[in-house]
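As a basis for the values below, the full set of heavy atoms in this structure was taken, side chains included, without hydrogen atoms, waters or symmetry mates. Indexing begins at 1, ligand by ligand and atom by atom, following the structure's order.
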Amino acid sequence: MEGQKEVLRLNGVGFRKNEKTILQDISFSVLESETVAIVGPSGAGKSTLLFLLNRLADPTEGSIYYLDKPLNCYPVLELRRQIGMVLQQPVLFPGTLRENILYGPFLAGRDSVVDLRKYIDLAGLGGIALDREVSELSGGEKQRVALARTLANEPAVLLLDEPTSALDPGSTDVVEKTVQLLKKKKRLSCVWITHNLEQARRISDKILVLINGRAAAFGDTETILTDPAYRQARAFLTSGKNRGE
Ligand SMILES: Nc1ncnc2c1ncn2[C@@H]1O[C@H](COP(=O)(O)OP(=O)(O)OP(=O)(O)O)[C@@H](O)[C@H]1O
């Protein structure tokens with residue numbers, strides 16, 4: 001879409017670990033208010049690519065820009081506030097719902113001014129008492145707490161690594177709708193790993209197909225999912241290596 005600013009840009013990104021090439025020559029950008037889905041077979045390097053965007057690792061080749069500066073020019077904690085991450089298995093601290101959601105704002109010194117209710121409602125947690133221990137919650141509820149906690153940092157970019165693969169349809173719907181709402185209201189940008197092509201169709205504007213650490217295709221969602229030119233890339237995703245959700 002014209003006029004959307006570039007939020008993330010990868011130029012020829014590669015990553016090697018223990019002499020093994022995990023990612024090679026990846027270039028694409030993510031615009032403001034845009035969701036890019038990353039799809040690809042197991043072991044293709046999807047999670048590794050997401051880790052690079054959050055500086056859990058650094059590329060061994062190429063560069064990654066966030067807005068107008070290389071990623072490594074930002075203090076890492078500030079960067080992770082602006083580029084939040086939600087993983088397949090929610091990582092929560094022992095403690096209450098309130099403590100978990102206020103953790104990020106507390107670190108930033110704004111826990112006393114934050115509107116906790118906003119994030120509770122966004123993540124569809126309205127029916128749960130704020131002083132409930134998170135260890136007592138269901139998997140779907142925990143994942144929604146993890147989402148609310150990340151959103152409480154008011155990130156500009158959200159990285160999602162199969163956030164709904166272990167969730168029931170109701171919780172999946174909450175996560176998808178929340179992200180869509182924030183795209184519209186806050187111009188949130190997302191990079192969302194999914195094994196589910198139907199989910200990719202619902203939530204993404206563009207798709208990156210990653211195969212053996214390389215970008216096999218990148219483009220508009222409908223084009224990637226329907227254009228015969230991408231049949232081979234799609235075939236990889238439905239070849240049985242791919243898990244359904
Ligand atoms: N810390 C590490 N050291 C060495 N190799 C690693 C490391 N992390 C991942 N790998 C390897 O990198 C490759 C890509 O792994 P990655 O987890 O990024 O793939 P993925 O596409 O996310 O897979 P899945 O869909 O199964 O989650 C795999 O071959 C994996 O074994």
Visitor: Run Thr178 and Arg144 through side chain to side chain contact (heavy atoms under 4.5 Å, CB included) and show every step you take.
Guide: CA-CA 10 Å; Thr178 299; Arg144 285 184 274 140; over 6 Å; no
Visitor: Counting from 1, what ligand 1 atoms have a heavy atom of Lys46 closer than 4.0 Å?
Guide: 18 (O), 19 (O), 20 (P), 21 (O), 22 (O), 23 (O), 24 (P), 25 (O)
Visitor: For Val7 versus Leu31, what's the shortest heavy-atom pair and its separation?
Guide: CG2-C, 3.9 Å
Visitor: Could you list the atoms of ligand 1 found under 4.0 angstrom from a heavy atom of Lys20?
Guide: 11 (C), 28 (C), 29 (O), 31 (O)
Visitor: In ligand 1, which numbered atoms sit nearer than 4.0 Å to a non-hydrogen atom of Ile22?
Guide: 5 (N), 6 (C), 10 (N), 11 (C), 12 (O), 13 (C), 14 (C)
Visitor: Just to check, does Gly40 reach to within less than 4.0 Å of ligand 1 when the distance is taken from its heavy atoms?
Guide: no
Visitor: Check each atom of ligand 1 against the heavy atoms of Pro41 and keep those under 4.0 Å away; list them by number with element.
Guide: 21 (O)
Visitor: For Gln232, does the CD atom have more than 12 heavy-atom neighbours from other residues, nucleotides or ligands under 6.0 Å away?
Guide: no
Visitor: I need the minimum non-hydrogen distance between Glu154 and Lys186, along with the two atoms involved.
Guide: OE1-NZ, 3.5 Å
Visitor: Could you list the atoms of ligand 1 found under 4.0 angstrom from a heavy atom of His195?
Guide: 25 (O)
Visitor: Would you say Thr164 and Gln199 are linked by a side-chain donor-acceptor pair, where the criterion is simply a distance under 3.5 Å?
Guide: yes
